[in-house]
Amino acid sequence: MNDACDLDGDEQGSGVRRRGFLSSLGSSGLAAAAVLFARPEAAEAACRGSCCNLVHCPPNTSFSSCVNYYNHYLWACAISSRTTCRCCEKRRRTGGFFASAQQCRPT
Amino acid sequence: LGAGAVMDVVFAAVLLLLAAAVVLLFAMMAELAARISTAGDGRRDLTLTPLEEARLGEAPGDWPEPLAAAAFTEDQTLLVVLSSACASCEDVAGQMSKELEAGEMPATAVLVSCGDRAIGEDFVHRHGLQRMPCYVDDGGAWVKEAFGVQTSPSALVIRRGRLESALVFTDLSALRAGIPRVMKEEAAA
């Protein structure tokens, strides 16, 4: 008994070709976006645009993870009277920082 | 190809265009965010904002040695609070350095908060701030404990060891010009 998904040979062949065409269209779109926009400088620019002078830029941890870490340095900075950022760095026991995070908000 | 297949291809192409438009929109927003409000870009905010976290009237009994002499004068002293974790503080430290070189630095001391003493000391030496009363505050522990301050760049107005006013600023000249007016407003309030 045929159900709704059963197709004859020609229809199956054109379905496979169509899927192939669509998947190649999708992957070339993704590849083009990655080539055009996946630049580390873009993320770094977003970090440098804030007032935090982080050791790890772009930030490599979440803000909540950083402030909950037992050994962290937390400080607020102001870019202007309208924007304040909180800058957080996770400290090694032996000195230095191994992770950074920031949170900016309008004041 | 049948009509259904053509519709699928058209739909896929439209979807791809929409996705590309969204990616482009986010990329433009990131570029815009990177270009505006960059510290030290020559367009400083001249506004002075009261630092609400500061405990005005506080007079700590224990001052770090490099700041003690400056804090206990009859005239008011400006204690500028900077941090090595703050990019706008680099700009303010540059402004202070220029004032020092021009020999135009009225009673001013500086406190540099840092997460690591070596980074704090590097900040001080890069800007030549050791030429004025200067204290590297590891973790910002002292200024947090003494006045509840953990924001920079900020200016604490000190007279006879007591905190009279606290302001957030980004332009040193605007700060010096605006302090008398702010103090008058605070006294009237």
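Remember, it's a predicted structure, so these values are computed and weren't measured experimentally.
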Open item on the list: For residues 112-121 of chain B, give me every residue with a non-hydrogen atom less than 4.5 Å from any non-hydrogen atom of chain A.
Closed with: B:S113, B:C114, B:G115, B:D116, B:I119
TODO: Report yes or no: do A:Y73 and B:S84 form a side-chain donor-acceptor pair below 3.5 Å?
DONE: no
Pairs of donor and acceptor atoms involving the side chains of residues 11-28 of chain B, under 3.5 Å and at least two apart or interchain, shall be tabulated with distances.
none

Open item on the list: Quick check on the hydrophobic clustering: are B:L78 and B:L51 connected, directly or via other members, by side-chain heavy-atom contacts under 4.5 Å?
Closed with: no
Task: Separation of A:I79 CD1 from B:R44 CZ (nearest 0.5 Å) - done: 14.5 Å
Task: Top contributor to chain A interface from B:V168, B:D171, B:T47, B:T49 [non-hydrogen pairs under 4.5 Å] - done: B:T47
Open item on the list: Let me check something: do B:M132 and B:L172 share a hydrophobic cluster, defined by ILVMFWY side-chain heavy atoms less than 4.5 Å apart, either directly or through other members?
Closed with: yes
Task: Region of B:V81 that comes under 4.5 Å of a non-hydrogen atom in chain A - done: side chain
- [ ] Please report the closest heavy-atom contact between A:L74 and B:K144, naming both atoms and the distance.
- [x] O-NZ, 4.4 Å
TODO: Could you tell me which residues satisfy ring-ring contact (aromatic ring centres under 6.0 Å, His included) with B:F147, sequence neighbours excluded, listed by chain and number?
DONE: B:W63, B:W142
- [ ] Write down the atom of B:G140, the atom of A:W75, and the distance for their closest heavy-atom approach.
- [x] CA-CZ3, 3.8 Å
- [ ] Let me know which of B:S83, B:S154, B:C86 forms a side chain to side chain contact (heavy atoms under 4.5 Å, CB included) with A:C77.
- [x] B:C86
Open item on the list: Is there a continuous path of hydrophobic side-chain contacts, each under 4.5 Å between heavy atoms, that joins B:V157 to B:L175?
Closed with: yes
Open item on the list: Heavy-atom cut-off 4.5 Å, strictly under: side chain, backbone, both or neither for B:E53 against chain A?
Closed with: neither
- [ ] Check the hydrophobic clustering (I, L, V, M, F, W, Y; side-chain heavy atoms under 4.5 Å; chains of links allowed) and say if B:V110 and B:V124 are grouped together.
- [x] yes
Open item on the list: Is there a continuous path of hydrophobic side-chain contacts, each under 4.5 Å between heavy atoms, that joins B:F169 to B:V182?
Closed with: yes
Task: Any residue of residues 64-71 of chain A which, by heavy atoms, sits under 4.5 Å from chain B - done: none
Task: Most contacts with chain B, counted as non-hydrogen pairs under 4.5 angstrom, among A:S100, A:C87, A:A78 - done: A:A78
Open item on the list: Does atom CD (B:E145) have a neighbourhood of more than 12 heavy atoms from anything else shown, all under 6.0 Å?
Closed with: no
